[in-house]
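Below is one structure, written out as structure tokens, with a few remarks after it.
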Amino acid sequence: MKSEETTTTKEVTSESVASKPRRSGMIWGIIHIILAAFSFSLMTMFLKLAGDLPTMEKAFFRNLVALFLAIFLLAKSEEKFKINKKSFPSVLFRCMFGTAGLIANFWAIDRLGLADSNMLNKMSPFFAIIMSVFILKEKPNVVEWLLVIMAFVGVVFIVKPGLGITSIPALVGLFSGFGAGTAYTFLRKATNSGERGMVVVMCFSLFSCLVTLPFFIINFQPMTTKQLIFMLLAGLGATGGQVNITAAYSFAPAKEISVYDYAQVIFAAIWGIWIFGEIPDILSIIGYVIIISAGVIRWRYALSKTKEENKETGDEEQK
């Protein structure tokens, strides 16, 4: 009896010790993802404060800062700028859809309230579920499809399709979510093939700079000192967001902490009300609640599903 009790005590102790690093990692992951949300919300705020600059000029400037960061970090790495040939098609499609989504997002930010544009961009996880069917050959279950439908019901409240031409910026904002969601799906495919995350960031930033450069040159508009400062701050916000999002997912899996990314909408709403005097209407607020609720349910469902799978694996190992 004593030996059994001792063994059980040792198992419980070892489990609690093992859980401490995991718990610590999750806390740091949450901290970093909230910092990323804060940084990206600052990026959108400074982009809007930069005022009447061409969208392509803003996109070029933002990606140029990220490109220098990626080159600097890769230059310090062991493998330097080596690209996995197998993952190249996925990286290319990630760059294409990511650039389209980014340009659409920047265009929408100048024409929508900050909270609306950020919320529509945060439809990306639900678009990722849809696109994973075609890109990764995954089969979402009934719960995941119902959550996608629920999120799109929330979109209807924000887009307000009955308002005609005034809903076009919202539709463009929604397209930014589609571009981002599809880009993230191709990113998953690339990293599953062994590609490094920072290589993808460099390729995406370089591709975006090359696409926006001709428009930047043709429609170049000189910046005032104030606009230049705001664009530099926007670039720093984007860089801070990318660094923290990368750090967050190195500490904890996306399924455990991704829900905290919706903090960006809350931060954006605060900047919108405080800086720009933008008060979301009741329909938009209903839309936010529905979409965020769908995101929270999806997060809880992913966690419970993982626990069940781990339990089944553990039972099989004991057998």
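What you are looking at is a predicted structure, and each value in this text was computed from that prediction instead of being measured. The basis for the numbers below is simple: all heavy atoms, side chains too, and nothing from hydrogens, waters or symmetry mates.
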Self-check item: Derivation of the salt bridge (charged side-chain N to carboxylate O under 4.0 Å, His left out) call for Arg94 and Glu195
Solution: CA-CA 12 Å; Arg94 185 267 181 266; Glu195 192 55 87; over 6 Å; no
Taking atom [atom1] of [X] as the centre, does the number of heavy atoms from other residues, nucleotides or ligands within less than 6.0 Å exceed 12?
X	atom1	answer
Lys80	NZ	yes
Phe215	CZ	no
Phe88	CZ	no
Phe276	CZ	yes

Under 30°, 30 to 60°, or over 60°: which ring-plane class applies to [X] and [Y], parallel, tilted or perpendicular?
X	Y	result
Phe186	Phe93	parallel
Phe267	Phe38	perpendicular
Phe220	Phe216	perpendicular

Anything under 3.5 Å between a donor and an acceptor, one on a side chain of residues 142-157, the other on a protein residue two or more places apart or in another chain? List them.
unit_1	atom_1	unit_2	atom_2	d
Glu144	OE1	Asn141	N	2.9
Trp145	NE1	Pro140	O	3.4

Tell me whether [X] contacts the main-chain N or O of [Y] through its side chain, where contact means a donor paired with an acceptor under 3.5 Å.
X	Y	result
Lys58	Leu47	yes
Thr182	Gly179	no
Gln221	Asp52	yes
Gln227	Gly51	no
Lys189	Leu136	no

Verdict with reasoning, Phe178 to Phe175, per ring-ring contact (aromatic ring centres under 6.0 Å, His included): CA-CA 5 Å; Phe178 167 76; Phe175 176 80; 5.8 Å; yes
- Task: Group every Ile, Leu, Val, Met, Phe, Trp and Tyr by side-chain heavy-atom contacts under 4.5 Å, then state whether Met131 and Leu92 land in the same group.
- Result: yes
Working for side chain to side chain contact (heavy atoms under 4.5 Å, CB included), residues Arg298 and Phe126: CA-CA 10 Å; Arg298 179 173 173 264; Phe126 300 101; 4.2 Å; yes
Of Thr55, Thr44, Asp116, Asn121, the one forming a side chain to side chain contact (heavy atoms under 4.5 Å, CB included) with Ile109 is Thr44
Looking only at heavy atoms, the pair that brings Val91 and Ala190 closest together is CG2-CB, 3.9 Å
